[in-house]
*Asks:* 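Structure in structure tokens, see below.
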There are 2 protein chains.
Amino acid sequence: MATHVVNEAQKLATTDKTFCDLPPAIADTLEQEALTTTYPTGAVLFAEGQAPRGVFIVRRGRVKLSICGSDGRTLILRIVDPGCPLGVAAVVSGRPYEATAETQEPSEISFLRHSDLLNLMRQHGEFALWVTQHISADYASTCREIRDLILSDSASEKLARLLVGWLDQNTASKNPSQMKLALTHEEIGQMIGSSRETVSRLFAGFKKQRLIQQTGSTLVIPDRVALESLITA
Amino acid sequence: MATHVVNEAQKLATTDKTFCDLPPAIADTLEQEALTTTYPTGAVLFAEGQAPRGVFIVRRGRVKLSICGSDGRTLILRIVDPGCPLGVAAVVSGRPYEATAETQEPSEISFLRHSDLLNLMRQHGEFALWVTQHISADYASTCREIRDLILSDSASEKLARLLVGWLDQNTASKNPSQMKLALTHEEIGQMIGSSRETVSRLFAGFKKQRLIQQTGSTLVIPDRVALESLITA
DNA sequence: ACCGGTCGGTGATGGAGATCACACATCGCT
DNA sequence: AGCGATGTGTGATCTCCATCACCGACCGGT
């Protein structure tokens with residue numbers, strides 16, 4: 001509910017600059033070449049391992065990016081917000097999509113075909129740079145993911161990191177220490193690479209330690225510093 | 001020793017096209033703008049967290065790319081071969097270098113300043129595309145890394161995967177099931193996210209199961225399929 | 001030959017968390 | 001109400017691997 005309001009605001013904000021932070025000339029071209037569609041919740045834009053058809057640019061909504069292990073377990077790489085292109089790495093490198101993209105709420109998404117993307121990049125260095133900046137950011141965030149997930153161990157540390165990270169994204173809210181919990185324990189587990197049960201137990205522990213309070217889907221973090229002290233412990 | 005020979009061959013192959021797979025016009029420009037230096041073994045080109053100064057392009061030699069966790073443990077992301085640019089993501093996104101780059105043998109490396117890279121990319125879409133292709137490949141390989149390291153568990157599976165991967169890179173050798181082991185157990189552990197002792201024990205187990213044979217630093221994998229059967233088990 | 005360093009093998013131990021197996025709470029549906 | 005589906009809380013157990021603690025091998029320097 002609350003998220004819808006946010007997204008409407010974002011939509012309005014972006015109708016101005018159309019394609020986010022791109023120069024108007026390129027944004028217009030993009031607007032002409034791209035095909036914009038509205039997807040319902042749970043739509044799969046592309047799946048890990050498929051041959052790349054093109055890139056998707058999130059205009060409105062939220063998209064979950066995940067990878068799947070051989071044993072069937074799932075790891076959520078990140079939740080993608082409007083303004084971000086998806087699947088660029090696959091298209092540019094010609095390799096299969098490296099993750100699965102699935103809408104988490106009704107979303108408006110532009111599609112740009114493989115060849116159109118490459119042509120645009122060749123013609124407009126500025127656009128190529130924009131694309132590259134996004135991949136670079138993705139790469140950096142993936143590296144952080146690796147560091148956090150492999151080199152920290154202790155599930156509590158990872159959960160604390162995740163919560164603090166969410167808190168930072170939450171600057172828009174009136175109460176900065178309060179947030180809506182949009183994911184299930186299962187999904188949170190998939191974000192920090194641990195089981196549903198472990199997440200449950202960790203939440204219980206955090207509550208006992210007064211690190212978090214929870215009423216319904218509302219999460220309050222009274223003492224951010226205390227939570228941060230769990231990180232790099 | 002053997003690697004030196006390989007590298008000489010690669011050097012010869014690249015002196016032709018100079019900057020690998022780039023169009024000659026751009027390669028020439030790059031050749032003028034870039035500063036090429038020879039580094040000894042163990043030189044640190046850049047360290048994780050530093051502000052980006054520019055990109056490094058490996059011309060000859062091998063460079064180890066690693067990240068370091070808060071607890072001091074190290075994870076080797078990959079070993080970079082000639083022809084690959086390093087640190088691009090950091091320069092393009094303006095964020096700190098996301099990993100540490102260290103030469104593993106005497107290496108010849110070109111340096112291109114921050115601003116020069118961006119200008120070149122803006123001016124030559126083709127060059128920007130080349131850069132983006134490399135980042136994309138890095139991104140894809142990092143995703144695989146995540147999948148393999150987090151979603152497989154069982155250290156033996158990871159080691160088996162690593163060995164099979166090395167086997168694939170080894171196509172140049174006369175005996176395709178034979179290879180030189182260039183890393184210590186410690187470093188192998190850092191590649192698969194486990195301890196030195198575990199690697200030792202795994203190797204012992206593999207030998208007992210006749211999955212590998214080892215004499216000195218030469219590793220023979222008599223039955224590749226058997227090794228692969230450990231993966232996704 | 002003597003050492004100090006790095007590397008590799010191997011036993012013993014402990015602990016974090018996966019997994020299994022429940023019970024309970026919602027919530028939407030007919 | 002009654003019912004499945006889905007999400008959550010929590011105990012018991014079990015497994016894998018990190019860690020500690022050695023020892024022996026090898027190599028390069030003086």
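By convention in this document, chain letters (A, B, ...) are assigned in the order of the sequence lines, proteins followed by strands, and residues within each chain are numbered from 1.
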*Asks:* For A:Lys158, answer base if it contacts any base atom (sugar-phosphate contacts may also be present), sugar-phosphate if it contacts only those atoms, and nothing otherwise; contact means non-hydrogen atoms under 4.0 Å.
*Replies:*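 No contact at all - A:Lys158 keeps every heavy atom at 4.0 Å or more from the nucleic acid.
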*Asks:* Would you confirm whether the ring centroid of B:Tyr139 sits within less than 6.0 angstrom of the ring centroid of A:Tyr139?
*Replies:*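 Distance test on ring centres: not under 6.0 Å, no.
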*Asks:* What's B:Thr184 touching, base or sugar-phosphate or nothing? Going by heavy atoms closer than 4.0 Å.
*Replies:*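 If one applies the 4.0 Å heavy-atom cut-off, B:Thr184 turns out to touch the sugar-phosphate alone, with no base involved.
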*Asks:* Using atom CG of A:Leu159 as one end and atom C1' of C:dA16 as the other, report the distance to the nearest whole Å.
*Replies:*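 To the nearest whole Å, that distance equals 15 Å.
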*Asks:* What's the CG-P distance between A:Leu219 and D:dT8, to the nearest Å?
*Replies:*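 In whole Å, D:dT8 P and A:Leu219 CG are 12 Å from each other.
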*Asks:* Is the phosphate of C:dT6, meaning OP1 or OP2, less than 4.0 Å from a side-chain N or O of B:His185?
*Replies:*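 No, outside the criterion.
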*Asks:* Can we say B:Glu145 and B:Arg78 salt-bridge, meaning some charged N sits less than 4.0 Å from an Asp/Glu carboxylate O?
*Replies:*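 A salt bridge is absent here (no side-chain N lies under 4.0 Å from a carboxylate O).
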*Asks:* Calculate the interatomic distance between A:Arg201 atom CZ and D:dT13 atom C1'; express it in whole Å.
*Replies:*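 Atom CZ in A:Arg201 sits about 11 Å away from atom C1' in D:dT13.
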*Asks:* How long is the line joining NZ of A:Lys208 and P of D:dG9, in whole Å?
*Replies:*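 Taking atom P of D:dG9 as the reference, NZ of A:Lys208 is at 12 Å.
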*Asks:* Using a distance-only criterion (donor-acceptor N/O pair, under 3.5 Å, no hydrogens), is the base of C:dC20 paired with the side chain of A:Glu197?
*Replies:*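 For A:Glu197, whose side chain was compared with the base of C:dC20, there is a donor-acceptor pair (under 3.5 Å).
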*Asks:* Calculate the interatomic distance between B:Ile192 atom CD1 and D:dC16 atom P; express it in whole Å.
*Replies:*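 Spelled out: CD1 on B:Ile192 to P on D:dC16 is 15 Å.
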*Asks:* Measure the OG1-CD distance between B:Thr41 and B:Gln104 for me, rounded to the nearest 0.5 Å.
*Replies:*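 B:Thr41 OG1 to B:Gln104 CD: 8.5 Å, rounded to 0.5 Å.
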*Asks:* Output the rounded distance in Å from CZ (B:Arg196) to P (D:dC17).
*Replies:*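 Taking CZ of B:Arg196 and P of D:dC17, I get 17 Å after rounding.
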*Asks:* Salt-bridged, A:Arg60 to A:Glu108, with N to O below 4.0 Å?
*Replies:*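 Yes, A:Arg60 and A:Glu108 are salt-bridged.
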*Asks:* Considering every strand and a 4.0 Å limit on heavy-atom distances, what is the contact class for B:Gly193: base, sugar-phosphate, or nothing?
*Replies:*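 Here B:Gly193 touches the backbone only, sparing every base.
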*Asks:* Expressed in angstrom and rounded to an integer, what is the separation of A:Ile150 atom CD1 from C:dA16 atom C1'?
*Replies:*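 Interatomic distance, CD1 of A:Ile150 to C1' of C:dA16: 17 Å.
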*Asks:* Expressed in angstrom and rounded to an integer, what is the separation of B:Phe206 atom CZ from C:dT10 atom P?
*Replies:*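 Taking atom P of C:dT10 as the reference, CZ of B:Phe206 is at 15 Å.
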*Asks:* Heavy atoms only, 4.0 Å cut-off, all strands: where does A:Thr198 land among base, sugar-phosphate and nothing?
*Replies:*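 It contacts sugar-phosphate atoms only.
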